[in-house]
S.K.: 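Dropping a structure here in structure tokens format, bear with me for questions.
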Amino acid sequence: MSRQITFDARIEPALFIRASKLKFSTRSLRKVDWGLQVWSFITMMLVMFGLGGAGVVLTILTFGIDAVNTFVIFPLALPVAFGIWHLYHRALWGTMYRQILASPLYQRQMTYRFDDTGFEMATDGASWTISWERTDDAIADAHGLFLYVGGLVYAIPATAMDKDAFDALTQEVEAWMRAAKGDGS
């Protein structure tokens, strides 16, 4: 038995961000840019500690030494820096996914075909097939079905079909992938 779904390929970047959060091992952007992340976090820490230090000095100059408890104010820079770092990378991921989704490939109808050998994606200008053996994982939640292959994520929004059809598809995909990988559980 096989299943076919055709839907508008214009998908929100938030769906891909959600998919990357669900499966840590395939967060390819996080794997690839460790150097950038470390550099940006250290830079953010230096900026925040610099701002914290400047704030302490300004407070001391304005109100006197008794107005500042540096052991309280100075460490507050760490969670603020982490928050800014997190928001920066979330914006980076969103920008990356928006750029990918701006491709002409995602500006048309996409057809997914699923069967016991794997899945195929096709548009009027391209098609590709991936076997279940080459698929790392498939995770479904209320927002969509996410297929992980290497560092790539293929997302099928749950809104592309009715709930019963979506549930049946996710069960079949999981069964086909388990069978192809020799996992009978």
Side-chain angles (χ1 to χ4, degrees), residues 2-41 85-183 185:
S2 67
R3 292 208 178 252
Q4 179 172 315
I5 305 159
T6 300
F7 61 93
D8 188 3
R10 290 180 209 118
I11 300 171
E12 291 297 316
L15 192 64
F16 285 98
I17 291 171
R18 178 172 187 76
S20 69
K21 287 181 177 180
L22 290 174
K23 181 81 174 162
F24 181 77
S25 67
T26 56
R27 293 180 187 172
S28 59
L29 184 62
R30 291 182 182 182
K31 285 181 177 179
V32 171
D33 75 342
W34 269 112
L36 173 65
Q37 289 191 46
V38 170
W39 175 84
S40 68
F41 186 72
W85 175 72
H86 176 74
L87 292 173
Y88 166 75
H89 281 280
R90 185 169 171 84
L92 184 68
W93 301 328
T95 300
M96 181 198 70
Y97 287 126
R98 275 192 292 284
Q99 288 174 346
I100 290 169
L101 295 171
S103 162
L105 180 67
Y106 289 99
Q107 303 304 314
R108 56 194 78 219
Q109 294 285 316
M110 178 77 70
T111 299
Y112 279 82
R113 289 181 197 89
F114 298 89
D115 63 24
D116 60 344
T117 62
F119 64 99
E120 177 186 13
M121 294 153 298
T123 67
D124 59 350
S127 70
W128 52 102
T129 303
I130 300 172
S131 69
W132 293 124
E133 291 88 6
R134 300 291 180 236
T135 305
D136 295 324
D137 203 356
I139 298 175
D141 72 3
H143 300 281
L145 172 63
F146 308 110
L147 303 164
Y148 300 91
V149 180
L152 300 175
V153 177
Y154 299 95
I156 301 166
T159 57
M161 61 191 87
D162 64 56
K163 183 172 176 7
D164 292 336
F166 181 76
D167 291 343
L169 173 67
T170 58
Q171 289 174 359
E172 287 177 344
V173 163
E174 290 169 0
W176 287 329
M177 197 162 67
R178 277 195 314 268
K181 293 183 181 227
D183 181 15
S185 58

S.K.: Does this structure show an ion pair linking Lys181 with Glu133, if we count only N-O contacts that are shorter than 4.0 Å?
M.R.: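 Between Glu133 and Lys181 there is no salt bridge, as every charged N stays at least 4.0 Å from the carboxylate O atoms.
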S.K.: Kindly determine whether Arg113 and Arg3 satisfy side chain to side chain contact (heavy atoms under 4.5 Å, CB included), including the steps that lead there.
M.R.: CA-CA 6 Å; Arg113 289 181 197 89; Arg3 292 208 178 252; over 6 Å; no
S.K.: Under a 4.5 Å cut-off applied to non-hydrogen side-chain atoms, are Phe146 and Ile156 in contact?
M.R.: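 A side-chain contact is absent here, since even the closest heavy-atom pair is not under 4.5 Å.
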S.K.: Are any non-hydrogen side-chain atoms of Thr117 and Trp176 less than 4.5 angstrom apart?
M.R.: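 No; the side chains remain at least 4.5 Å from each other.
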S.K.: Measuring from atom CE of Met110 to atom OG1 of Thr6, what distance do you get when rounded to the nearest 0.5 angstrom?
M.R.: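 Between atom CE of Met110 and atom OG1 of Thr6 there are 10.5 Å.
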S.K.: Determine whether Met161 and Leu169 make a side-chain contact, defined as any pair of heavy atoms from C-beta on separated by less than 4.5 Å.
M.R.: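 Yes; the side chains approach each other to less than 4.5 Å.
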S.K.: For Thr170, does its backbone N or O pair with a side-chain atom of Asp167 as donor and acceptor, under 3.5 Å?
M.R.: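 Judged by distance alone, no pair lies under 3.5 Å.
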S.K.: Return yes if some donor-acceptor pair links the side-chain N/O of Thr135 with the main-chain N/O of Ser131 below 3.5 Å, else return no.
M.R.: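 Yes; judged by distance alone, with no hydrogens or angles, the pair exists.
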S.K.: Check whether any side-chain heavy atom of Gln4 lies under 4.5 Å from a side-chain heavy atom of Thr111, and answer yes or no.
M.R.: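 Sidechains of Thr111 and Gln4: in contact.
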S.K.: If every non-hydrogen atom of Ala140 is compared with every non-hydrogen atom of Leu145, which pair is closest and at what distance?
M.R.: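 Reported closest heavy-atom pair: CB-CD1, 4.0 Å.
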S.K.: Apply the side chain to side chain contact (heavy atoms under 4.5 Å, CB included) test between Met177 and each candidate in Leu147, Asp116, Asp137; give the one that qualifies.
M.R.: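 Only one of Leu147, Asp116, Asp137 forms a side chain to side chain contact (heavy atoms under 4.5 Å, CB included) with Met177, namely Asp137.
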S.K.: Keeping Trp132 on the side-chain end and Asp115 on the backbone end, is there a donor-acceptor pair under 3.5 Å?
M.R.: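 Side chain of Trp132 to backbone of Asp115: a pair is present.
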S.K.: Centroid-to-centroid, Tyr112 to Tyr154, below 6.0 Å?
M.R.: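 Judged by ring-centre distance (under 6.0 Å), Tyr112 and Tyr154 do not meet the cut-off.
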S.K.: Considering residues, nucleotides and ligands other than Glu174, do more than 12 of their heavy atoms fall under 6.0 Å from its CD?
M.R.: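 Check passes, neighbour count above 12.
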S.K.: In Å and rounded to the nearest 0.5 Å, what is the CD1 to OH distance from Ile130 to Tyr148?
M.R.: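 Between Ile130 CD1 and Tyr148 OH, I get 14.0 Å after rounding to 0.5 Å.
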